[in-house]
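Notes follow the structure.
Order of the sequence lines fixes the chain letters, A, B, ..., with proteins taken first and strands second; residue numbering starts at 1 for each chain. Computed from heavy atoms alone, side chains included, the values below leave out hydrogens, waters and symmetry copies.
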Protein chains: 2
Amino acid sequence: MIVRQAANVLEIMEYFAQAKKPATLAEIADHFGWPRSSTFNLLATLSEKGYLYEPRRRGGYYPTPRWLTLARMVSEVEPLPPWVHALISELSAETGETASIVAPSGVMAVFIDVVESQAPIRYFATIGHRIPIHASASGRALLLQYSKEERDQLYRKIEFRPYGASTPISIEAVEAELRNSIARGYCQSFGDYSRDLAGAAIPLPIGDRRLSVVVAGPEFRIGPKVPDVAALIARTIDRLRPKTAA
Amino acid sequence: MIVRQAANVLEIMEYFAQAKKPATLAEIADHFGWPRSSTFNLLATLSEKGYLYEPRRRGGYYPTPRWLTLARMVSEVEPLPPWVHALISELSAETGETASIVAPSGVMAVFIDVVESQAPIRYFATIGHRIPIHASASGRALLLQYSKEERDQLYRKIEFRPYGASTPISIEAVEAELRNSIARGYCQSFGDYSRDLAGAAIPLPIGDRRLSVVVAGPEFRIGPKVPDVAALIARTIDRLRPKTAA
DNA sequence: GCGAAACGTACATATATGTGAATTTATCTG
DNA sequence: CAGATAAATTCACATATATGTACGTTTCGC
């Protein structure tokens, strides 16, 4: 069950992140199609807790910097090593495509760092974006770091839906693709989940964290280059990853 | 009316900001005394929206860096000029007390930037903290920037409650204190709202924003020094504020 | 300076939602 | 490795909650 008012808090924040200016109760209510009275209650709650304020007289509400302090506090914990962000920056610059770091979250894979392509047609991914772990290059690069037992447990929870023509829709299909990936030396996906999207991914264990790097873009552009891109990812990891620590 | 589940989202974030480590469903449920099932729904909602993930197998939930991207996006808008933070850093260092920037929000005043004192006994303020605009030095420094008409409108919404012995509990009392502040050259408060707390504040208009600076601490320590502190604030503003722009 | 439109606020009520109990799944212990 | 223990899910129902309606307040156009 989805908790509506919890989701609404996030929607409001995303709204402000887009609008980048204060908004009145009426504007917000109209934007979301919420009743004024409900919107009033929500905004009052967020204000009372110190997360929204009214910067100007009758100028509407805007988030306080408290969001930033909170977000900084939680992000200070186990930050990604700087070379990891450098890695995807470089990969994105070299390939012209979107490069990301991905982490597991149950049956999903979550983007935890992203450098977007500058091309007008590009893979539009954001931090927090989620995709099925079994139906994506980056997800399978995570699965490669699981033991067979752990994978079997996961498989039980996965709903195998045919998102696209090449989506693996059975445990065996996924396992077969994992074997192929090992043989090939990298993971790939051609529209497994998102139409017209192709990508190459490589596992990236950091400490006890199981992550992966992925470079993805429109199939027509990146498709033929997937092996080269994969090789580039591997080379770049090799060069940037500190040799000392495990 | 307070929107419970909206508040709960914030509580969860504050919990993670404190704990600084992943937490399982059970831990969170126990911590807040929430039923497991409700906690499950909330965590599922936040996860589905990409704001929580499970970094390790059965290692519990943790916020994704998405909070940080969002918070950065909203905070990019009209950031405080760097000299403003330098101002309160310096004031806090010189006085040994907590120094803050405050903005109006209806009948309340909100802390939008804070540099805390290092003293063991200190004014514990955080960004987002709210105090009544009429019953605080910093709040009255905001009111000084309002026209009489604007103040009168505000007064109608204020509940005049005797928080402490010196709380102004009538419109006339507030107006009198404002006149005193003008004569004195700064605003002060001795336990108007928080017991044992004293402070000095000065208006700080920036562009069309009405802000104020306040230095506050325990009455026994800062009390006798309030005039000196006020003078220091004024001098420091004078020194740091760029002369060019209005 | 007046009237009208827009905005913000309060409250009672029907209903969407949170919850306790039951079930399933995973982990620990001897 | 099995049995016990703890955690994570599911679900039907009572109730806390979102909302329609009405009212007061502020702004804007003329």
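- Ring to ring, A/His129 and A/Phe124 are not that close: their centroids are 6.0 angstrom or more apart.
- The side chain of A/Lys157 lies closest to C/dA26, out of C/dA26, D/dT26, D/dT10.
- Residues A/Asp30 and A/Arg36 come closest through the heavy atom pair OD1-NH2, 3.9 Å.
- Of all the heavy atoms in B/Cys187 and B/Ala137, the pair that sits closest is CB-O, 3.4 Å.
- The cationic group of A/Arg130 does not satisfy the cation-pi geometry with A/Phe111, failing either the under 6.0 Å distance to the six-membered ring centre or the 45° limit from the ring axis.
- Atom pair B/Glu149:CD and D/dT27:P shows a separation of 12 Å (rounding to whole Å applied).
- Atom CG of B/Asp152 is separated from atom P of D/dT25 by 15 Å (rounded to the nearest Å).
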Protein N or O to nucleotides 3-6 of chain C N or O, pairs below 3.5 Å:
none

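- In this structure, the CZ atom of B/Phe40 is 5 Å from the C1' atom of D/dT9, given to the nearest Å.
- If you measure from atom CD of A/Glu150 to atom C1' of C/dT25, you get 16 Å, rounded to the nearest angstrom.
- Aromatic ring centres of A/His134 and A/Phe160 lie closer together than 6.0 Å.
- Atom CG of B/Leu154 and atom P of D/dT25 are 15 Å apart (whole Å).
- Side chains of B/Met13 and B/Leu10 form no contact here, defined as non-hydrogen atoms less than 4.5 Å apart.
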Distances under 3.5 Å between protein N/O atoms and the N/O atoms of nucleotides 19-22 of chain D, please, pair by pair.
residue	atom	partner	partner atom	Å
D/dT19	OP2	A/Ser38	OG	2.1
D/dT19	O5'	A/Ser38	OG	3.2
D/dG20	N7	A/Ser37	OG	3.4
D/dG20	O6	A/Ser37	OG	3.1

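- If B/Gln153 and B/Thr24 are placed on DNA chain D by their nearest nucleotide, the residue sitting closer to the 5' end is B/Thr24.
- Distance from the side chain of B/Arg156 is smallest to D/dT26 among D/dT26, C/dA26, D/dA8.
- Checking A/Ile2 against A/Leu25, the closest nucleotide of DNA chain C that is more toward the 5' end is the one next to A/Leu25.
- As rounded to whole Å, 12 Å separates atom C1' of D/dT17 from atom CG of A/Leu42.
- At whole-Å resolution of the value, CD in A/Glu54 and P in C/dC7 are 15 Å apart.
- If you take CD1 of B/Ile28 and C1' of D/dA6, they are 17 Å apart, rounded to a whole angstrom.
- For the residue pair B/Asn8/B/Gln5, the side-chain donor-acceptor check at 3.5 Å is satisfied.
- Residues A/Arg4 and A/Glu11 are not paired through a salt bridge, judged by the lack of any N-O separation under 4.0 Å between the basic side chain and the carboxylate.
- Between A/Leu42 and the options A/Leu25, A/Ile28, A/Ile12, a side-chain contact (heavy atoms from CB on, under 4.5 Å) holds for only A/Ile12.
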